[in-house]
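Written out below as structure tokens is the structure these notes cover.
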Amino acid sequence: MRAVRIHSPGPPEVLVYEDAPTPSPRPGEVLVRVAACGVNRLDAWVRGGRYKSALPRIVGTDIAGEVAEVGPGVLRFHPGQKVVVYPSLSDGTCRYCLEGHPNRCLAGGLIGAVADGGYADYVAVPATNLVDAGRIDLKAAAATPVNFGTAWSALMGAGVSPGKGVLVWAAASGVGNAAVQVAKLMGATVIAVSGSKERADFAVSCGADHSIIRSKENVPIRTKELTGGQGVDFVFDPIGGETWATGIESLARGGRLISLGLTSGATSAVDVGRLYRNELGILGVFGYTKQDLVRVLSLVADGKLKPRTRELPLKSAKEAHEALESNSVEGKILLIP
Ligand SMILES: [Zn+2]
């Protein structure tokens, strides 16, 4: 089969489009013919060596396709069936798995990081990691898991409800525009923060009520102006150290900072006085459950959530990573084998 493999960590040039052995499904596994694979930060972290992985490795966690072949013992899936991959690998036996949170598994890992992923014609995955795609278009499905699953898990887990205010950092990014759409679906008022006028316009086209351009405006001051001096109830932050302090400053009393990623510094000074006097909370979110994935896939199928995508051929994985890392992508890049 054709695949994009990494033989040594490094810049986008280490993504090599080449022939690789087609995997055979082992007992309990399914061979999926990849229809589309979403491009995520995680792929770039594995490529760059920040996320350790055995090499060579085929990255790609956001996978949708058709069952090509089933391994021994697989009863629930059949060739030709359209499927989406839930990428969290878990042991099913630790305390967190038993509590319904395989994304917290002590022995956990991700397809596309600790096992080969979807930058290929085919990928073999455990049948327990598959979800029936149902009515959903496979390209829309491939743009859904990481972005919409994470946004759903984060905003549901934080308790977003109608009438609340949500500020979304990086609102034109894949996970950012997903958060804008999910928060609107939950009935919230959304303030989108982006880096440029074009990206702010994109966030508004995804449903944001207000937008702030972070390079030109003071985010906490502008947020207070837009919320009658109160601040927002939730801040959705996929950026990290660089934005924590201003996010906390933008919160109303009783507000929650939802931290779900790290594209800037890993540490931040927190104003502890503001934290306790204003009864603020900080919630970390890592991944999502299979139930979250099933829920967002059905909302995409119903047209209530709309992944915004740009397609590139699989052989252009290098260009896809360059675009992702220059923050020039609006929505999600899909690689099409
Ligand atoms: Zn576990």
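Values in this document were obtained by computation on a predicted structure and should not be read as measured data. For ligands, and for the atoms within them, numbers begin at 1 and follow the listed sequence. In what follows, every heavy atom counts, from backbone to side chain, and hydrogens, waters and symmetry copies are set aside. Note that the numbering runs from 1 along the sequence shown for the chain.
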Metal site the Zn ion (ligand 1), protein N/O/S atoms found under 2.8 Å: 4
Salt bridge present between Glu311 and Lys332 (N-O < 4.0 angstrom): no
Passing option when Glu325 is tested against Lys318, Arg41, Arg47 for salt bridge (charged side-chain N to carboxylate O under 4.0 Å, His left out): Arg47
Closest non-hydrogen atom pair, Ala188 against Val160: CB-CG1, 3.9 Å
Salt-bridge present (Arg2, Asp19; N to O < 4.0 Å): yes
Salt bridge flag under 4.0 Å for residues Asp132 and Arg76: no
Check: Tyr17 ring centroid to Tyr119 ring centroid under 6.0 Å: no
